Number of protein chains: 2
Amino acid sequence: MLPRPEPEVDPAQRVVDAADELFYARGIRAVGMDDVRTAAGVSLKRLYSLFPGKDSLVLAVLRKRHAMWTEGLTAAVESIEEPRERLLAVYDYLAEWFAEDGFRGCGFINAFGELGPTSPEVADYAREHKRSFQDQLAALVAEAGFDVSLAPQLAILAEGAQTTAAIEGSPDAAGHARRAAETLIDVAASLDPGVSDSRSRR
Amino acid sequence: MLPRPEPEVDPAQRVVDAADELFYARGIRAVGMDDVRTAAGVSLKRLYSLFPGKDSLVLAVLRKRHAMWTEGLTAAVESIEEPRERLLAVYDYLAEWFAEDGFRGCGFINAFGELGPTSPEVADYAREHKRSFQDQLAALVAEAGFDVSLAPQLAILAEGAQTTAAIEGSPDAAGHARRAAETLIDVAASLDPGVSDSRSRR
DNA sequence: TTGCGTTGAGAACCAACGTTCTCTACAGTA
DNA sequence: TACTGTAGAGAACGTTGGTTCTCAACGCAA
């Protein structure tokens, strides 16, 4: 059977999507392979033929999350022209995310806290993800002509906003982070001679 | 019974200390009651007579962590006179913590990520803890005569530094957060007329 | 139709864990 | 010495979860 022109969707994709949702909502260890199986609508056998074990599924989920985050951020930033606004778009992107139903913080931080001590792979991948975000930010900062030392500061604001919004259960942190970022950027602009004047505020 | 002048230490304290160390190092779900029992050197019976279940032990550990954090921060801040420096002492306190062996991020964020979805008590307590930190910061900001809107921004920097330092495995984030805080404070000082001049830098 | 290979449903297996229970040792009292 | 209550050591119980195995259904080629 299954000569259907469209095999619904790639089963591996279905599994990863289902697992991602469950892991994020409940925590990874709280989700059994059986839950994933049920949510994805595949047999256990198939599940284990697609992913040799839970660890491997977790990594696949993290890879998917990383791709979605990176693409989403890139898209949010690319839609904007002005360098300063491009940097601030990061926090608007966060604000949208925080307002989503079921927002529960950064999946990588959560996974790191839960599995980091027992799974070097997870810990390493979380590190890589954060590093990649910092690189993205650093590129934007450089593009805008600011000193690169601004990048880690902006990154810390973004990280802090994520955990704060998660624990408070409110998206306010995105706004606070944005305003702090504006200040830091303005100061950087006023110190940096090679930058188009954009401190005509405040 | 127990006519010993010194009962070694309060067994409940020993249990909480041992559990705290294990939970923080390995993640809460990764630690069995048996591990706690062994590390604390008490019998299972005694363990369960002191704490009716693992949930209750987890809460006790969080309460202890909250007390230690709050006292440590208060002490770090109180040793300093100048209002601006008092605010920055928060980040020096973080820097010391990050440099400790086995630093693995904020225990409340970790617990929230791991148990938040399944334990409202843990989620609530994490919220309370962060709220209390924000209140401490807000008091320092008010004391220094700055606008209160500075407080959440400084809090976000502190949160971001914690997760960044944890995942990167390096204490650098404390320095970045401190420098960002300096900038934010300087700007706040330059805007706020009712503040002793402390922007004679940069 | 017969045999073959694949797949799905779920039973089964095994280990880990939270919690309770049993049994023994022993301190204190008469 | 006998009695009682308490506490420790750890066996036992029930559940859960990761993983594997069984078996029956089915598509397909001869």
Side-chain angles (χ1 to χ4, degrees), chain A residues 1-16 18-62 111 114-115 117-122, chain B residues 1-16 18-62 111 114-115 117-122:
Chain A
M1 68 163 73
L2 272 188
R4 299 176 240 178
E6 277 182 325
E8 295 286 350
V9 206
D10 179 19
Q13 196 60 48
R14 271 218 316 281
V15 168
V16 169
D20 181 32
E21 215 163 307
L22 291 171
F23 289 167
Y24 184 68
R26 301 193 207 157
I28 297 173
R29 294 181 80 126
V31 174
M33 290 298 267
D34 212 65
D35 299 325
V36 174
R37 191 213 68 152
T38 303
V42 299
S43 72
L44 260 193
K45 194 168 188 171
R46 191 146 177 87
L47 179 50
Y48 275 93
S49 79
L50 293 166
F51 301 94
K54 194 178 183 183
D55 296 353
S56 136
L57 177 56
V58 169
L59 265 294
V61 165
L62 291 185
E114 193 175 353
L115 303 183
T118 47
S119 162
E121 294 90 356
V122 168
Chain B
M1 74 177 84
L2 274 187
R4 296 177 245 178
E6 278 183 326
E8 294 286 348
V9 207
D10 179 20
Q13 196 59 49
R14 271 217 316 280
V15 168
V16 169
D20 181 32
E21 215 164 306
L22 291 171
F23 288 167
Y24 183 69
R26 300 193 207 158
I28 296 172
R29 294 181 81 125
V31 173
M33 290 299 267
D34 212 63
D35 299 325
V36 174
R37 191 213 68 153
T38 304
V42 300
S43 72
L44 260 193
K45 194 168 189 172
R46 191 139 175 94
L47 179 50
Y48 274 93
S49 80
L50 292 167
F51 302 94
K54 194 178 182 180
D55 297 353
S56 136
L57 177 56
V58 169
L59 265 294
V61 165
L62 292 184
E114 194 176 353
L115 303 182
T118 46
S119 162
E121 293 89 357
V122 167

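Every value quoted in this text rests on a predicted model; they were computed, and no experiment measured them. Chain naming here is simple, since letters A, B, ... match the order of the sequence lines and numbering starts at 1 in each.
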Asker: Of all heavy-atom pairs between Ala39(B) and Leu22(B), which one has the smallest distance, and what is that distance?
Answerer: CB-CD1, 3.9 Å

Asker: Quick check for you: to the nearest 0.5 Å, what is the distance between Met33(B) atom CE and Leu57(B) atom CG?
Answerer: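 CG of Leu57(B) is found 5.5 Å from CE of Met33(B).
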
Asker: How many angstroms lie between atom CZ of Phe23(B) and atom CZ of Arg29(B), to the nearest 0.5 angstrom?
Answerer: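 Phe23(B) CZ to Arg29(B) CZ: 12.0 Å, rounded to 0.5 Å.
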
Asker: Find the distance Met33(B):CE to dA11(D):P and express it as a whole number of Å.
Answerer: 19 Å

Asker: Between P on dT7(C) and CG on Leu47(A), what's the gap in Å once rounded to a whole number?
Answerer: 14 Å

Asker: Could you state the atom-to-atom distance from CZ of Arg46(A) to C1' of dG5(C) in whole Å?
Answerer: 15 Å

Asker: Considering heavy-atom distances to DNA chain D, does Ala30(A) or Gly41(B) have its closest nucleotide positioned more toward the 5' end?
Answerer: Gly41(B)

Asker: Please round to the nearest 0.5 Å and tell me the distance separating atom CG of Asp20(B) and atom CG of Leu62(B).
Answerer: 8.5 Å

Asker: I need the CG-C1' distance between Asp34(A) and dG8(C), as an integer number of Å.
Answerer: 14 Å

Asker: In residues 49-58 of chain A, what residues come within less than 4.0 Å of DNA chain D, judged by heavy atoms?
Answerer: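 When residues 49-58 of chain A is checked for heavy atoms under 4.0 Å from DNA chain D, the hits, listed by number, are Gly53(A), Lys54(A).
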
Asker: How long is the straight-line distance from CG of Asp55(A) back to OG1 of Thr118(A), given to the nearest 0.5 Å?
Answerer: 8.5 Å

Asker: Given atom CZ of Arg26(B) and atom P of dA16(C), what is their separation to the nearest angstrom?
Answerer: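 That distance rounds to 13 Å.
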
Asker: Could you encode protein contacts along nucleotides 10-15 of chain C as a string, one character per nucleotide from 5' to 3', using B for base contact, S for sugar-phosphate-only contact and - for no contact, with a heavy-atom cut-off of under 4.0 Å?
Answerer: -B----

Asker: With a non-hydrogen cut-off below 4.0 angstrom, is Val31(B) in contact with a base, only sugar-phosphate, or nothing?
Answerer: sugar-phosphate

Asker: Go through the steps to decide whether Glu121(B) and Val58(B) satisfy the test side-chain contact (heavy atoms from CB on, under 4.5 Å), and finish with yes or no.
Answerer: CA-CA 10 Å; Glu121(B) 293 89 357; Val58(B) 169; over 6 Å; no

Asker: Using every non-hydrogen atom in the two residues, find where Ala60(A) and Phe51(A) come nearest and quote the distance to one decimal.
Answerer: CB-CE2, 3.6 Å

Asker: Checking all strands, does Arg29(A) fall into the base, sugar-phosphate, or nothing category for heavy-atom contacts under 4.0 angstrom?
Answerer: nothing

Asker: Using modelled atom types only, decide if a donor and an acceptor are shared between the side chain of Glu114(B) and the backbone of Gly27(B) within a distance under 3.5 Å.
Answerer: no

Asker: State the CG-CZ distance between Leu47(B) and Arg37(B), to the nearest 0.5 angstrom.
Answerer: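 Rounded to the nearest 0.5 Å, the CG-CZ separation comes to 9.0 Å.
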
